[in-house]
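The structure appears below as structure tokens.
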Protein chains: 2
Amino acid sequence: MITEEKQLLFERQAEIAKALSHPVRIAVVNFLKDGEQCVCDIAEYVGAERSNVSRHLAVMVNAGLLSYRKQGLKVIYELRCPCILEFFVCIGGVLKQQVEADRRLLRAL
Amino acid sequence: MITEEKQLLFERQAEIAKALSHPVRIAVVNFLKDGEQCVCDIAEYVGAERSNVSRHLAVMVNAGLLSYRKQGLKVIYELRCPCILEFFVCIGGVLKQQVEADRRLLRAL
DNA sequence: TGAGTATGTGAGTATATAATCACATAGTTA
DNA sequence: TAACTATGTGATTATATACTCACATACTCA
């Protein structure tokens, strides 16, 4: 049985995973890992419409992944917690294991 | 600029995150971390319809998170890569940091 | 063989998400 | 003040996702 607290935790964890479940948002994290950036530059890096990027950023702020500050005309976003980068290490483990499996499959052909 | 390879990587990473972006699927990982289980028991643990759980499991298999084997009437699922559990450590870091921020906010009231 | 059990799937519906365009807002600078 | 720039948002549309119910499949065991 899942306790009510566990249920809440699962929902919160799922929300964070969802905030990372889009290629554009993954790209954003990758771009911001080296330091804060304005929307303009983020949009150029990820190669998407500014308004679209704006919405993706809002999703990530809502999930608690990003914070932002205004500086003149610009709005500058940064990773709220560098620990999110461990996510890529974790996912990397899964991907490596998949590639290994594919390789074994290939050899069996 | 994002290279074509990076783009592919981001898509793959997003896909894995998406497979973890639902409370039921998070619950499944939590249940399976102590060992393989059949659909029946998984459904009871997560508290959802069997057919619904079946679909969630299919999503996770597709993403490469789970593997399964048939044993008589039952189909038994297990984590394909325990490294996925690091995901919770990572997410835990983000959540802790959010709770800290909330606490600071509360003190400021 | 026939009843029973575990699982998966088709079809339908409701809801959520993503993308785009046009426009609003806010700050800048001449 | 007026033109300009960076950003966010409303409205719309297309697509994806989640869920449910009924049913098909596959295996078990009497």
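Numbered from 1 within each chain, the chains take letters A, B, ... in sequence-line order. Treat the numbers as computed from the prediction; the structure is a model and nothing was measured. All values below were derived from every heavy atom in this structure, side-chain atoms included, with hydrogens, water molecules and symmetry-related copies excluded.
- Just one residue in the list A:R55, A:R25, A:H22 forms a side-chain contact (heavy atoms from CB on, under 4.5 Å) with A:M60, and that residue is A:R25.
- In this structure, A:R12 places its CZ atom where more than 12 heavy-atom neighbours from other residues, nucleotides or ligands lie under 6.0 Å away.
- In this structure, CD of A:Q71 is placed 13 Å from C1' of D:dA6, rounded to the nearest angstrom.
- Put simply, CD1 on A:I42 is 8 Å from P on D:dT7, counting in whole angstrom units.
- B:L73 places its CG atom 13 Å from the P atom of D:dA30, with the value rounded to the nearest Å.
- Per the SG-SG cut-off, B:C83 and B:C81 are bridged by a disulfide [distance under 2.5 Å].
- Note that the first and last nucleotides of DNA chain C, 5' to 3', having any atom under 4.0 angstrom from a heavy atom of chain A are C:dT17 to C:dT28.
- A salt bridge links B:E100 with B:R103: the closest approach of a Lys/Arg side-chain nitrogen to an acidic carboxylate oxygen falls below 4.0 angstrom.
- Nucleotide D:dA30 is matched to C:dT1 when pairs are restricted to Watson-Crick or G-U wobble geometry with both distances under 3.5 angstrom.
- In this entry the distance linking CZ of B:R25 with C1' of D:dA18 reads 9 Å, nearest Å.
- Shown here are the ring pair (Phe, Tyr, Trp, His ring centres under 6.0 Å) partners of A:Y77, two or more places apart in sequence or in another chain: A:Y68.
- Rounded to a whole Å, the CE atom of B:M60 is 15 Å from the P atom of D:dT17.
- The distance between atom CD of A:E44 and atom C1' of D:dT7, rounded to the nearest whole Å, is 16 Å.
- Considering only heavy atoms from C-beta on, B:Q13 comes within 4.5 Å of A:F88 through its side chain.
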What's touching nucleotides 9-16 of chain D from the protein side, N or O pairs under 3.5 Å?
residue: D:dG10; atom: N7; partner: A:R55; partner atom: NH2; Å: 3.3
residue: D:dG10; atom: O6; partner: A:R55; partner atom: NH2; Å: 2.2
residue: D:dA11; atom: N6; partner: A:R55; partner atom: NH2; Å: 3.1

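- Of the charged side-chain nitrogens involved, at least one lies within less than 4.0 Å of a carboxylate oxygen, so that B:R69 and B:E36 count as a salt-bridged pair.
- When the side chains of ILVMFWY residues are joined at heavy-atom separations under 4.5 Å, either directly or via intervening members, B:I76 and B:L32 end up in two distinct hydrophobic clusters.
- A:L65 and A:V59 are assigned to two separate hydrophobic clusters, defined by single-linkage of ILVMFWY side chains at heavy-atom distances under 4.5 Å.
- Residue contacts for B:Y77: at a heavy-atom cut-off of 4.0 Å it reaches the sugar-phosphate backbone alone, with no base atom in range.
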